Number of protein chains: 2
Amino acid sequence: MRYSHRLSDAVHILAYVEIYRDGDLSSQAIAASVESNPALVRRLMGALRQAGLLATQRGSAQPHLLRDPATMSLLDIYRAVEPDGDLLHVDDRTNPQCIVGGNIQETLRGAYQQVQRAAENQMAQITLAELISEIQVRERKRANL
Amino acid sequence: MRYSHRLSDAVHILAYVEIYRDGDLSSQAIAASVESNPALVRRLMGALRQAGLLATQRGSAQPHLLRDPATMSLLDIYRAVEPDGDLLHVDDRTNPQCIVGGNIQETLRGAYQQVQRAAENQMAQITLAELISEIQVRERKRANL
DNA sequence: TAAAGATGTAATGTTATGAGTAACAACTAG
DNA sequence: CTAGTTGTTACTCATAACATTACATCTTTA
């Protein structure tokens, strides 16, 4: 399938809401920055709201973060917007009558879980605050060229 | 998209070749175990061959591993069969005229690389030998029920 | 209160990617 | 020579992600 950009776009939205806190925070304005469309932005914001990361108000363009960016990890955002958070996928149609086909699914599931844990541990150590800060540092460098 | 099963199927093939070393190793027999089709098996075997993990011979169904399973890691196999090995993907269409859109791509690339490294380090520590061993242990348990 | 504009959400269309399928040249083995 | 196999390509099909459209509901403001 096409690669998912949900995590990237969700981080984008959260960073935008924080950086342009006093500007236009309509889904249309954010969509212009993501180069996407307002409906996608609203859908992602809905997922972030359900996860308790973002507050929004119907009819009024005033989203705001519900947690300090320093305590919001990439993993929190990932879990909020990726319905199936699995990075690797077992082939669940193998022949159970074969030694390999009958046992590889559970075997790989265990291995993939270890990989998933390692990735998630790393995601948990990256905060939204760090990402926002890096965005701003990069912007200052761009401006000084 | 549909989720990729290439890694799972590649491990399946390698484990099959090792476990059924003296049996029928035709792409058709392996495909029956994977519950897939011979062409897919041959395609994956081609990738494994190019990576130096498997030897095959045109016209003759005698594939064999080129390295000790104890020295072949899940990462080796992953790199062999996943053309784009990236687990997370940056949205590369963002508005460069915006502070966020203009700097988030490089920022996320760095973060995703850290996650990728963590996942790959874990993959590197899982060997084909361990997976094969677990498959056989599970099979013994199944037989004793 | 009415109009304008925003969100929340669902339905539908488009597109990219993975897997399935078929075909065939090149090779091996009996 | 024949049957069977691999290596490879082209094509079809299924599915998931994103785009688009639409509209009910709510907020704001004149």
Side-chain angles (χ1 to χ4, degrees), chain A residues 1-10 12-13 16-17 23-51 54-64 78 80-94, chain B residues 1-10 12-13 16-17 23-51 54-64 78 80-94:
Chain A
M1 71 194 150
R2 233 153 144 188
Y3 298 115
S4 170
H5 299 143
R6 277 200 278 266
L7 177 58
S8 298
D9 293 345
H12 192 139
I13 291 169
Y16 193 99
V17 167
D24 180 358
L25 295 184
S26 66
S27 61
Q28 195 161 32
I30 300 176
S33 174
V34 181
E35 286 196 356
S36 175
N37 59 80
L40 171 71
V41 172
R42 292 202 290 272
R43 267 197 302 264
L44 285 174
M45 286 175 110
L48 294 168
R49 173 165 30 81
Q50 282 200 313
L54 188 74
T56 62
Q57 196 182 6
R58 170 176 236 139
S60 171
Q62 293 172 326
H64 59 274
Y78 181 71
V81 297
E82 287 289 354
D84 164 13
D86 292 345
L87 294 167
L88 298 173
H89 297 87
V90 171
D91 185 347
D92 58 358
R93 257 195 69 214
T94 59
Chain B
M1 76 196 144
R2 234 153 148 189
Y3 297 115
S4 171
H5 299 144
R6 278 200 277 267
L7 177 59
S8 297
D9 292 345
H12 193 137
I13 291 168
Y16 193 99
V17 166
D24 180 358
L25 295 183
S26 67
S27 60
Q28 195 162 30
I30 300 176
S33 174
V34 182
E35 286 197 355
S36 174
N37 59 80
L40 172 71
V41 171
R42 293 202 290 271
R43 269 197 299 260
L44 285 173
M45 285 175 112
L48 294 168
R49 173 165 32 80
Q50 281 198 314
L54 188 75
T56 61
Q57 197 181 6
R58 170 176 237 139
S60 172
Q62 293 172 326
H64 59 274
Y78 182 72
V81 299
E82 286 290 353
D84 164 13
D86 293 344
L87 295 166
L88 297 173
H89 297 87
V90 171
D91 185 346
D92 58 357
R93 257 195 69 214
T94 59

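Convention: sequence-line order gives letters A, B, ...; per-chain numbering from 1. What you are looking at is a predicted structure, and each value in this text was computed from that prediction instead of being measured.
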Rounded to whole angstroms, how far apart are [atom1] on [X] and [atom2] on [N]?
X       : N      : atom1 : atom2 : answer
B/Ile30 : D/dT5  : CD1   : C1'   : 12 Å
B/Leu40 : C/dA19 : CG    : P     : 7 Å
A/Glu35 : D/dA19 : CD    : C1'   : 14 Å
B/Asp24 : D/dG4  : CG    : P     : 13 Å
B/Gln50 : D/dT6  : CD    : P     : 17 Å
A/Ile13 : D/dC18 : CD1   : C1'   : 13 Å
B/Leu25 : D/dG7  : CG    : P     : 13 Å
B/Asp86 : C/dT17 : CG    : C1'   : 15 Å

5′-ward residue of the pair B/Glu82/B/Asn37 relative to DNA chain C: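 Per heavy-atom nearest nucleotide, the more 5' residue is B/Glu82.
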Closest to the [X] side chain: [options]?
X       : options                : result
B/Gln28 : C/dG8, D/dT5, D/dC18   : D/dT5
B/Arg42 : C/dA23, C/dA6, D/dT28  : C/dA23
B/Tyr3  : D/dA17, D/dT5, C/dT21  : D/dA17
A/Arg58 : D/dT27, C/dG8, D/dG7   : C/dG8
A/Gln62 : C/dA23, C/dA19, D/dT28 : D/dT28
A/Ala61 : D/dC18, C/dA6, D/dT6   : C/dA6
A/Arg6  : D/dT6, C/dA29, D/dC18  : D/dC18
B/Arg43 : D/dT28, D/dA10, C/dT9  : D/dA10

Looking at [X], I'd like to know whether one of its side-chain N or O atoms comes within less than 4.0 Å of OP1 or OP2 on [N].
X       : N      : answer
B/Ser4  : C/dT17 : no
A/Thr56 : C/dG8  : yes
A/Arg2  : C/dG18 : no

Flag, side chain of A/Asn37 to backbone of A/Leu40, donor-acceptor distance under 3.5 Å: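 The answer is yes, because a donor-acceptor pair under 3.5 Å joins these two groups.
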Give a yes or no on whether the backbone of A/His89 and the side-chain of B/Ser8 come within a donor-acceptor separation of less than 3.5 Å.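 Looks like yes, one N/O pair under 3.5 Å.
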Whether the B/Gln28 and B/Ser26 side chains hold a donor-acceptor pair (N or O, under 3.5 Å, no angle test) is what I'd like checked.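 No, because no side-chain N or O of B/Gln28 sits under 3.5 Å from a partner of the opposite role on B/Ser26.
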Polar side chain donor-acceptor pair, A/Tyr3 to B/Asp84, under 3.5 angstrom: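 Looking only at side-chain atoms, B/Asp84 and A/Tyr3 do form a donor-acceptor pair, the distance falling under 3.5 Å.
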About how many Å separate CZ of A/Arg42 and CZ of A/Arg58, when rounded to the nearest 0.5 Å?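 Between atom CZ of A/Arg58 and atom CZ of A/Arg42 there are 10.5 Å.
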When rounded to the nearest 0.5 angstrom, what is the spacing between CG in B/Leu88 and NE2 in A/His5?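 Output value for this atom pair is 11.0 Å.
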Where each residue is assigned the nucleotide of DNA chain D containing its nearest heavy atom, which of B/Arg93 and B/Gly59 is assigned the position nearer the 5′ end?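 Upstream on the strand: B/Gly59.
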Quick check on DNA chain D: between A/Ala39 and A/His5, whose nearest nucleotide comes earlier from the 5' end?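 The residue mapped nearer the 5' terminus is A/His5.
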